[in-house]
Engineer: 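Got a structure here, written out as structure tokens. Questions coming.
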Amino acid sequence: MKDKKIILSGIQPTGTFTLGNYIGAVSNWKKLQEDYNCIYMIANMHAITVRQDPTALRHNTLKAYALLLACGIDPERSIAFIQSHNRCHAELNWVLACSTQFGELSRMTQFKAKSEKHPDDINAGLFTYPVLMAGDILLYQSDLVPVGIDQKQHLELARDIAQRFNQKYGETFTIPDAYIGEVGAKIMSLQDPTSKMSKSDENPNSCIFILEDKDTIIRKFKRAITDSDTCVRFAEGKDGINNLITIYSCVTGKSFDEIEREFDGKGYGDFKIAVGEAVSDHLAPVRNEFDRLMTDKDYLKDCYTKGAEKAERIAYRTVSKAYKKVGFLQL
Ligand code: ATP
Ligand code: LTN
């Protein structure tokens, strides 16, 4: 598997994917399959850092897996699996936690944001979650990790942990690089264009979920918060319109210039409807494929079983190596 570079990424099954997840992460994952050995994971162990209903989590995990395939991840070409099916993740997590400093974890902005959001459940898992994520990446000797910009800090920590471990115990892990797309690395909320679109946002109008129907998608875009200007152009201080231009560009492949020309003389109202239509049309094949896959649970089970076997085979070698390096007596 080492002839091509290795890519790993993950997504939490905390709800249906948003347009942010799709543009910032999963749509790139599809393209990268052409040139890399790709490993994609449903990060259900990460999901329990915030309270989850067990039945819903189980269902959402299967749905997320089906969505991954519906978005174009090919389980024959790439490895697509569910994190908890490979016990190596929990094992490496512990070893790496002992090479991570409390101070480093305290600086993670996502920890601060999530603990403010859930003040009644600031659990140790939420705090140490970037270590689990570092393990996800290092287990597969990954070269590149395609993520949205919100994960950049966690990626830097994973690199630091890997470098420190290698220095302390000798070469063990490949040092991974982040792969962050130039356009669309941070799709913003439709209701507050200064904060990122997030699956777990309480206001459903702030998010486009990729399985939503055309009318809902257009309605949400019509309600998107913009500014008092009327001209469709990308400019500083126009966060709402900049976000819509970015989204339109990502789903149509048009440049910002082309978009500004297309909507020259037209108002925000026309533009919002065009964005809604383009997004919905772009996502229609994903919706259809998802519906089809969800009627074929045996196929999904077969895919995630094989995915887990392939993932474990690679990960086991890395954990065994790390166990040996830290001095665990071999059985
Ligand atoms: P949650 O709200 O539960 O924290 P999330 O929507 O942030 O979830 P994750 O599962 O944490 O989604 O992220 C999956 C991938 O999607 C990551 O690579 C992340 O960087 C990317 N991503 C998430 N939100 C956005 C966004 N608004 N714009 C671009 N990329 C995003
Ligand atoms: N932490 C990420 C999801 C995630 C991930 C990973 C991304 C879990 N493990 C490994 C890249 C590599 C998130 O919450 N967005």
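In what follows, residues are counted from 1 in the order of the sequence shown. Whatever order the structure lists ligands and atoms in, that order sets their numbers, starting from 1.
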Engineer: May I ask whether Met41 places a heavy atom under 4.0 Å from ligand 2?
Structural biologist: yes
Engineer: Give me the residue, atom name and distance of the protein heavy atom closest to atom 19 (C) of ligand 1.
Structural biologist: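 Looking at atom 19 (C) of ligand 1, the protein heavy atom closest to it is Asp150 OD1, 3.4 Å.
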Engineer: Numbering the atoms of ligand 1 from 1, which are under 4.0 Å from a heavy atom of Gly24?
Structural biologist: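 The atoms of ligand 1 under 4.0 Å from a heavy atom of Gly24 are 29 (C), 30 (N).
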Engineer: For the 3.5 Å polar cut-off, considering only N or O atoms, please tell me whether Ser9 and ligand 2 meet it.
Structural biologist: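 No: no nitrogen or oxygen of Ser9 is under 3.5 Å from one in ligand 2.
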Engineer: Would you please indicate if the ring centroids of His85 and Tyr65 are separated by under 6.0 Å?
Structural biologist: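 No.
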Engineer: Is Glu156 paired with Lys152 through a side-chain N to carboxylate O contact shorter than 4.0 Å?
Structural biologist: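 A salt bridge links Lys152 with Glu156.
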Engineer: Are Asp160 and Arg164 within salt-bridge range, i.e. N to O under 4.0 Å?
Structural biologist: no
Engineer: Find all atoms of ligand 1 within a distance of less than 4.0 Å from any non-hydrogen atom belonging to Lys114, and give their numbers and elements.
Structural biologist: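 Every atom of ligand 1 under 4.0 Å from some heavy atom of Lys114: 4 (O).
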Engineer: Could you check whether any side-chain N or O of Lys325 sits under 3.5 Å from a backbone N or O of Asn166, counting only pairs where one atom can act as donor and the other as acceptor?
Structural biologist: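 Side chain of Lys325 to backbone of Asn166, a donor-acceptor pair under 3.5 Å: no, none is there.
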Engineer: Using a 4.0 Å heavy-atom cut-off, which part of Gln12 comes near ligand 2: side chain, backbone, both, or neither?
Structural biologist: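 The answer is the side chain.
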Engineer: By number and element, which atoms of ligand 1 are closer than 4.0 Å to a non-hydrogen atom of Ala185?
Structural biologist: 28 (N), 29 (C), 30 (N)
Engineer: Starting from atom 31 (C) of ligand 1, find the nearest protein heavy-atom neighbour and note its residue, name and distance.
Structural biologist: Gly20 O, 3.5 Å
Engineer: Only heavy atoms of Gly184, strictly under 4.0 Å: list the atoms of ligand 1 that pass.
Structural biologist: 29 (C)
Engineer: Kindly say whether Pro193 contributes a backbone atom to a donor-acceptor pair with the side chain of Asn243 at under 3.5 angstrom?
Structural biologist: no
Engineer: So, do Phe263 and Tyr248 have ring centers that fall under 6.0 Å from each other?
Structural biologist: yes
